[in-house]
> 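Here it is: the structure, laid out below.
In what follows, every heavy atom counts, from backbone to side chain, and hydrogens, waters and symmetry copies are set aside. None of the values given here were measured: they were computed from a predicted structure.
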Amino acid sequence: MKVLITNDDGIDSPGLAALARGAVAHGWQVVVAAPARESSGTSAGLTAAEDERRVEVERRVLPGLDGVPAYAVAAHPGLIALVASQGAFGEPPEVVLSGVNRGANVGRAVLHSGTVGAALTASINGARAMAVSLDVGLEPEADVHWDTAVRVASGLFDRLAALPEGAALNLNVPNLPDSGPPRRAGLAEFGMVRSRVKESDDGSIRLTTVVVEGELPPGSDAALLAEGHATLTPLRSVTEDPDLQL
């Protein structure tokens with residue numbers, strides 16, 4: 001399988017390199033293309049124009065990935081997935097893996113995630129795609145278990161490759177030394193954290209991130225992840241609503 005690895009944490013993220021190493025170990029033909037800078041919260045945005053719609057691309061060598069083409073791209077992950085589907089980094093990928101993201105992507109808030117946005121952009125352009133996220137909390141943690149996320153994701157690679165073109169999955173893994181296979185889960189109404197307006201004065205708005213309080217919907221991705229289970233949610237990108245009466 002021809003596979004693109006991208007993310008929204010940027011080309012220097014250890015989660016990106018870990019996921020790419022996992023795909024190489026699986027025997028896949030891998031190309032890495034990720035934002036030159038951190039691009040979280042960019043959804044499926046196509047922001048990139050630097051000069052006359054030119055997108056700067058810099059060749060990189062990532063740890064443990066000698067011989068694997070890797071590119072730092074001055075663009076959001078959604079645009080990277082789009083141009084990859086048009087042959088910007090070689091043959092269009094059959095599979096796109098986005099991650100491993102530092103932090104969970106659960107609930108309907110996945111709409112805003114650059115990690116998920118890249119996967120959905122890839123899916124509407126014909127690839128099979130999976131977003132992979134590790135549930136690292138808001139506070140810095142001494143141990144970040146990238147290998148756990150890659151191990152769980154690798155167990156899904158063959159299933160992902162066998163899905164129809166355009167399929168998209170969202171995988172979240174607890175930040176633990178080990179994790180069992182993921183449980184299928186629906187999207188919670190909200191994610192585990194939300195953005196709030198902290199201050200609004202002097203012509204500017206300041207935001208802060210807070211943990212959502214209260215009981216999480218049983219069986220939802222947010223609830224199962226909080227209980228220590230990996231979760232897997234099939235996603236569908238933007239489509240028409242045939243049931244809405246106008």
Side-chain angles (χ1 to χ4, degrees), residues 1-9 13 15-34 44 62 64-65 67-71 77-101 104-106 110 113-134 146-173 178-187 221 229-239:
M1 300 295 288
K2 294 179 289 292
V3 180
L4 172 74
I5 314 290
T6 191
N7 72 352
D8 70 1
D9 288 333
S13 167
L16 176 78
L19 186 57
R21 290 192 295 268
V24 170
H26 197 69
W28 281 350
Q29 181 182 334
V30 171
V31 173
V32 178
L62 301 184
L65 292 166
V68 174
Y71 305 93
L79 182 59
I80 293 172
L82 175 63
V83 298
S85 73
Q86 299 174 3
F89 308 107
E91 290 187 61
E94 299 164 279
V95 168
V96 172
L97 302 175
S98 183
V100 175
N101 188 68
N105 278 302
V106 294
V110 298
S113 164
T115 304
V116 177
L120 291 177
T121 301
S123 73
I124 64 172
N125 285 280
R128 303 153 184 85
M130 182 165 66
V132 184
S133 301
L134 185 64
W146 300 116
D147 288 346
T148 302
V150 174
R151 191 159 51 247
V152 175
S154 297
L156 297 169
F157 284 171
D158 288 336
R159 289 170 59 186
L160 176 64
L163 292 175
E165 293 181 0
L169 304 177
N170 185 39
L171 173 66
N172 284 279
V173 180
D178 197 11
S179 175
R183 298 190 182 188
R184 180 164 178 157
L187 295 174
D221 54 356
H229 303 291
T231 65
L232 186 65
T233 306
L235 299 178
R236 181 179 297 169
S237 190
V238 176
T239 186

> Return the CG to CG distance between Leu163 and Asp158, rounded to the nearest 0.5 Å.
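Interatomic distance, Leu163 CG to Asp158 CG, rounded to 0.5 Å: 11.0 Å.
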> Please check this pair: side chain of Asp8 against backbone of Pro77, looking for a donor-acceptor N/O pair closer than 3.5 Å.
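Answer holds: no.
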> When rounded to the nearest 0.5 angstrom, what distance separates CG in Leu134 from OG in Ser179?
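Reported value, rounded in 0.5 Å steps: 9.5 Å.
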> Other residues, nucleotides and ligands only: do more than 12 of their heavy atoms fall within 6.0 Å of CD on Gln86?
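Counting neighbours around CD of Gln86, more than 12 heavy atoms of other residues, nucleotides or ligands fall under 6.0 Å, so yes.
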> Is it the case that the side chain of Thr233 and the backbone of Ala185 share a donor-acceptor pair, with hydrogens and angles ignored and the cut-off at 3.5 Å?
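Checked: pair present.
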> Without swapping roles, check the side chain of Asn172 against the backbone of Asn105 for a donor-acceptor pair under 3.5 Å.
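Looks like yes, one N/O pair under 3.5 Å.
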> If every non-hydrogen atom of Leu169 is compared with every non-hydrogen atom of Pro234, which pair is closest and at what distance?
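Result for this residue pair: CD2-CA, 3.9 Å.
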> Counting heavy atoms not belonging to Arg151, are there more than 12 under 6.0 Å from its CZ?
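Yes - once you tally the heavy atoms of other residues, nucleotides and ligands closer than 6.0 Å, there are more than 12.
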> Heavy atoms only: give me the nearest Val30-Pro69 pair and the separation to one decimal.
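The pair with the smallest heavy-atom distance is O-CD, 3.6 Å.
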> Can you give me the closest heavy-atom contact between Val110 and Val116, atom names plus distance?
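Result for this residue pair: O-CB, 3.8 Å.
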> Would a 4.5 Å heavy-atom cut-off, applied to side chains only, mark Asn101 and Ser113 as touching?
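No - every pair of side-chain heavy atoms lies 4.5 Å or more apart.
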> What I'd like to find out is whether the side chain of Val68 reaches to under 4.5 Å of the side chain of Arg21, using heavy atoms alone.
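Result no, sub-4.5 Å side-chain heavy-atom pair not found.
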> Out of curiosity, Thr115 OG1 to Asn170 CG, how far, rounded to the nearest 0.5 Å?
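Output value for this atom pair is 9.0 Å.
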> Mind listing the closest non-hydrogen atom pair of Ala149 and Val100 along with its distance?
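Heavy atoms only, the tightest pair is CB-CG1, 3.8 Å.
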> Measuring from Ser123:OG to Arg128:CZ, what's the distance to the nearest 0.5 Å?
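Those atoms lie 11.5 Å apart.
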> Can you tell me which residue among Leu160, Leu4, Thr6 is in a side chain to side chain contact (heavy atoms under 4.5 Å, CB included) with Leu97?
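Single pass found, and it is Leu160.
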> Rounded to the nearest 0.5 Å, what separation is found between the CG atom of Leu82 and the OG1 atom of Thr121?
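Between atom CG of Leu82 and atom OG1 of Thr121 there are 7.0 Å.
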> Flag the pair Met1 / Gln29 as yes when at least one side-chain heavy-atom distance between them is below 4.5 Å, and no otherwise.
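Result no, sub-4.5 Å side-chain heavy-atom pair not found.
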